[in-house]
Amino acid sequence: MDHFELKNGVLHAEDVALTAIAEAVGTPVYVYSRATLERHARVFAEGLAGVPDKHIAFAVKSNPNLAVLRVLAREGYGADVVSGGEMDRALAAGMPAADIVFSGVGKTAAEMKAACAVGLGQFNLESEEEGVELAEIAAQMGVKATATLRVNPDVDAGTHAKISTGKAENKFGVAYDQAAAIYARLSALEGLNLRGLALHIGSQITSLEPSRAAFAKMGGLMRELRAAGFTVSHMDLGGGLGVPYQIGAQLPGPAEYGAMVAEVTGDWGATIMFEPGRVITGNAGVLLTEVIRVKPGVTAPFVVVDAAMNDLVRPAMYDAWHDFAAVRPTGERMVANIVGPICESSDTFAMGRDIDVVAAGDLGVFRTAGAYGATMANTYNSRPLVPEVMVDGDKWAIVAERIEPATILAAEHVPDWLR
Ligand SMILES: *Cc1c(COP(=O)(O)O)cnc(C)c1O
């Protein structure tokens with residue numbers, strides 16, 4: 001459920017007409033609903049009511065906007081970060097360092113040092129080599145780095161290949177059959193406090209079965225390690241729960257997911273950790289865009305909008321579907337292709353789609369754009385970096401400014417020897 005609804009024939013974010021935001025800020029622009037973010041954060045936490053001892057770390061990469069992080073910090077969420085830059089954002093949003101988890105296959109020595117210096121809560125180690133390096137850094141600094149070992153459970157999450165992370169051939173974690181030996185070696189290191197296992201099998205997962213299978217497999221490894229005398233007090237189950245991108249799509253929600261986790265982990269006697277991203281932010285944002293013009297096509301007309309693949313790359317990169325809706329729908333429908341202005345055929349949001357009738361100058365939104373939207377934006381074709389707005393009831397504010405091409409141009413230099 002979200003708070004983007006028609007009121008008096010105009011699409012609103014909470015109590016603010018999207019027409020007002022477009023007029024004041026221009027388009028394209030991302031619009032987030034604070035009430036929706038809060039609702040999703042609460043529904044996810046409530047879904048885990050059957051898991052008594054837990055820690056929830058929002059996956060910052062899905063939407064790293066400072067105001068978004070602030071909303072989640074106020075809900076008591078920690079953060080899952082994958083770079084020093086994301087760690088700094090989580091800290092700036094007021095998330096305690098102890099509630100931050102550092103994931104990622106390529107943590108640099110500088111990032112690990114910076115994280116140790118602030119007392120970061122947990123490193124999810126992706127290899128033995130990384131664990132050895134972190135242990136040395138921590139020992140030199142006179143601290144112990146708290147860590148889990150990320151294991152690749154070799155389970156197919158059944159999602160798009162580019163966001164599948166738990167198959168044996170993927171780059172993430174250590175191989176399941178080597179995990180126990182690596183855990184034993186890393187446990188002996190002075191600078192590490194190795195306390196558990198981590199996994200994350202992919203994103204936009206639309207069935208509970210792959211997760212259930214992966215969690216059960218990890219439970220087996222946990223028992224094996226404990227039987228050998230090692231401490232396994234924390235089990236990080238990652239993120240990945242999918243969201244409905246199409247109206248009417250049926251997929252498991254936080255309640256079903258939480259019940260499954262409670263069932264699988266009920267007798268584990270461990271702190272269960274979660275790293276949700278998309279399920280919190282996905283439906284909390286739309287990308288607001290204006291139709292530049294409609295041009296005839298061979299199969300269907302092309303609706304050319306002022307948003308493009310540089311603003312929202314998911315359709316081009318993951319073949320993703322985003323529902324499109326007019327801000328002032330007339331009730332009439334048309335079949336159209338929706339494309340952006342970028343000089344690539346992959347700059348296509350929809351082909352042969354049944355949509356609200358729109359014409360030049362009309363506003364529309366791509367829904368469910370709050371996750372992996374603005375965060376993946378770039379300036380391809382020397383376009384501006386897309387701005388972001390947050391709505392709260394009848395208030396709204398720009399939470400990320402549009403970065404103009406002139407600003408980016410000013411940061412480029414022609415060397416003397418080319419003058
Ligand atoms: C991307 C990622 C997540 C979040 O995934 P969602 O599908 O957005 O929930 C969580 N943990 C790790 C390690 C990730 O890489």
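Read the numbers this way: they start at 1 and go in the same order the structure lists the ligands and their atoms.
- Between His3 and the options Asp15, Thr36, Asn283, a side chain to side chain donor-acceptor pair (under 3.5 Å) holds for only Thr36.
- Aromatic pair Tyr77/Phe58: ring centres not closer than 6.0 Å.
- In this structure, the ring of Tyr245 has its center less than 6.0 angstrom from the ring center of His322.
- Among all non-hydrogen protein atoms, the one lying nearest atom 9 (O) of ligand 1 is Gly240 N, 2.8 Å.
- Short contacts between ligand 1 and Ser103, defined as distances under 4.0 Å to a heavy atom of the residue, involve ligand atoms 13 (C).
- When hydrogens are left out, the protein atom nearest atom 3 (C) of ligand 1 is His200 CE1, 3.3 Å; that is the closest non-hydrogen contact.
- In this comparison of Phe274, Tyr372, Phe58, the heavy atom closest to atom 8 (O) of ligand 1 sits on Tyr372.
- Among the atoms of Gly277, some N or O lies under 3.5 angstrom from an N or O of ligand 1.
- Close N/O approach between Leu241 and ligand 1 is not found [any backbone or side-chain N/O within under 3.5 Å].
- Backbone and side-chain nitrogen or oxygen atoms of Glu275 are examined, and one is located within less than 3.5 angstrom of a nitrogen or oxygen of ligand 1.
- Taking the ring centroids of Phe366 and Phe349, they lie under the 6.0 Å cut-off.
- Remark: side-chain polar atoms of Thr148 are not paired, donor with acceptor, to backbone N or O of Asn124 under 3.5 angstrom.
- Not a single heavy atom of Ala371 lies less than 4.0 angstrom from ligand 1.
- Polar contact check, Arg278 against ligand 1: a nitrogen or oxygen pair lies under 3.5 Å apart.
- In terms of protein heavy-atom proximity, atom 7 (O) of ligand 1 is closest to Ser203 OG, 2.3 Å.
- Of the candidates Asp80, Leu69, Ile100, Leu69 is the only one forming a side chain to side chain contact (heavy atoms under 4.5 Å, CB included) with Val60.
- Only the side chain of Asp80 comes within 4.0 Å of ligand 1, counting heavy atoms alone; its backbone N, CA, C and O stay farther away.
- What sits closest to atom 4 (C) of ligand 1 on the protein, heavy atoms only, is Ala59 CB, 3.3 Å.
- For ligand 1, the atoms lying closer than 4.0 Å to a non-hydrogen atom of Arg150 are 13 (C).
- Judged as a side-chain hydrogen bond (donor to acceptor under 3.5 Å, both in side chains), the pairs with a partner in residues 177-187 (not counting sequence neighbours) are, in order, Glu128-Arg185.
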Q) Do Glu14 and Arg34 pass the salt bridge (Lys or Arg N to Asp or Glu O under 4.0 Å) test, and can you show the C-alpha distance, the side-chain angles, and the key distance before you say yes or no? A) CA-CA 9 Å; Glu14 303 190 24; Arg34 173 185 154 156; over 6 Å; no
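- Summary of contacts: the protein heavy atom closest to atom 1 (C) of ligand 1 is Lys61 NZ, 1.2 Å.
- In this structure, Phe123 and Phe102 have parallel ring planes: the angle between them is below the 30° cut-off, well short of the 60° mark.
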